[in-house]
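Down below is the structure, laid out as structure tokens.
These numbers were taken from a predicted model, which means no experiment stands behind them.
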Amino acid sequence: MKRNLLSVLCVVLLSLTAFAENYPYRSDVLWVTVPNHADWLYKTGEEATVEVQFYKYGIPQNGVTVNYELGGDMMPSEIKGTIVLKNGKAVIPMGTMSEPGFRDCRMTATVDGKTYKHHIKVGFSPEKIRPYTQIPADFGDFWNKNKAELAKLPLIYTKELVKEYCTDQMDCYLVKLQVNERGQAIYGYLFYPKHAKEASCPVVLCPPGAGIKTIKEPLRHKYY
């Protein structure tokens, strides 16, 4: 029973992260970026271009200067340039890559004294990306030993009702799940539908991504 409950709790822990997206968050302005490959993917050696559109309150911004920086994923920029929007549009040459990977484009535009930023990526043969490092020879023993130790840990968790995130359709709980003997824990929001039959409720997991961060906008996935 404990093992089953632990599995369910791990699956339903919900949290969010803010990360670079090819489509912007809600704002008074709207960046629209349209690559010349609809799936944002290219083969190594292919030249990529992205049409940039910028709107404020739904109006195309004419004559606005967009500064951009290009570089490898998570790496310092290699190229800096500017484009000027004509009828709200302009094209940025993204260049290419000789090795599989991702190429970043970071943009800024200043309108009415306020600076707006946007960040996109395009991929070059990403299916061919390979690890840079080799798995250590003793990794399997290390991994199995740690799994065996964690399997001995009793299920220790708390579940606290969060009224501000409850609705007429669902109840929300903040779950704290202890993950090791040192008392360290992970957290997540657990949503229960109020009116659906138990047998018709699949579980949806929304992981937070990599790294340690706060849980933002817990209600973002409430319609699941």
Side-chain angles (χ1 to χ4, degrees), residues 14-135 186 188 205-218 220-221:
L14 304 179
S15 57
L16 296 176
T17 180
F19 51 88
E21 292 184 320
N22 284 355
Y23 200 80
Y25 292 107
R26 295 182 295 273
S27 171
D28 292 339
V29 304
L30 175 65
W31 293 88
V32 178
T33 44
V34 184
N36 59 330
H37 282 196
D39 59 2
W40 299 85
L41 297 178
Y42 301 80
K43 294 181 180 180
T44 50
E46 285 187 308
E47 295 285 335
T49 63
V50 174
E51 182 186 81
V52 178
Q53 304 172 31
F54 187 87
Y55 300 84
K56 186 171 184 180
Y57 303 130
I59 300 173
Q61 298 300 293
N62 190 43
V64 169
T65 297
V66 175
N67 298 297
Y68 65 87
E69 297 185 6
L70 303 174
D73 185 29
M74 304 296 289
M75 300 296 289
S77 59
E78 304 165 356
I79 298 174
K80 296 182 180 181
T82 61
I83 54 173
V84 178
L85 302 181
K86 185 176 181 179
N87 297 323
K89 300 179 181 180
V91 174
I92 294 177
M94 292 284 292
T96 188
M97 295 180 67
S98 58
E99 298 291 336
F102 292 88
R103 190 159 177 80
D104 281 6
C105 179
R106 298 180 183 273
M107 296 164 277
T108 59
T110 300
V111 179
D112 298 329
K114 185 175 180 179
T115 299
Y116 301 92
K117 298 180 179 180
H118 191 39
H119 176 203
I120 61 170
K121 299 175 186 284
V122 296
F124 292 88
S125 301
E127 73 282 357
K128 296 181 179 179
I129 295 175
R130 296 294 179 264
Y132 283 101
T133 58
Q134 298 295 321
I135 296 178
I186 58 175
L205 169 67
C206 297
I212 299 174
K213 54 183 68 70
T214 57
I215 301 173
K216 297 181 179 180
E217 298 184 58
R220 187 174 183 181
H221 297 307

Which heavy-atom pair separates [X] from [Y] by the least distance, and what is that distance?
X	Y	answer
Asn62	Lys86	OD1-CA, 3.3 Å
Lys56	Val111	CD-CG1, 4.1 Å
Met107	Val66	CB-CG1, 3.9 Å
Gly95	Phe124	O-CZ, 3.7 Å
Ile129	Gly101	CD1-CA, 3.8 Å
Thr110	Val64	O-CG1, 4.4 Å

Identify all side-chain donor-acceptor contacts of residues 78-85 below 3.5 Å with residues at least two apart in sequence or on another chain.
residue	atom	partner	partner atom	Å
Glu78	OE1	Arg103	NH1	3.3

Close side-chain approach of [X] and [Y], heavy atoms under 4.5 Å:
X	Y	answer
Gln61	Gln53	no
Phe54	Val32	no
Leu70	Met94	yes
Lys121	Asp73	yes
Tyr55	Val29	no
Pro126	Lys128	no
Glu51	Lys89	yes
Ile120	His118	yes

Measure from the side-chain N and O atoms of [X] to the backbone N and O of [Y], and report whether any donor-acceptor pair falls under 3.5 Å.
X	Y	value
Tyr68	Ile92	no
Asp39	Leu41	yes
Ser125	Thr44	yes

### Message
Does either side chain, that of Tyr116 or that of Asp28, offer a donor lying less than 3.5 Å from an acceptor on the other one?
### Response
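No, no side-chain donor-acceptor pair sits under 3.5 Å.
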(Q) Atom CD of residue position Glu127 - does it have more than 12 heavy atoms of other residues, nucleotides or ligands inside 6.0 Å? (A)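 For Glu127, atom CD is crowded (more than 12 foreign heavy atoms under 6.0 Å).
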task: Please test Thr115 against Thr108 for side chain to side chain donor-acceptor pair (under 3.5 Å), starting from the C-alpha separation and ending with a verdict.
output: CA-CA 7 Å; Thr115 299; Thr108 59; over 6 Å; no
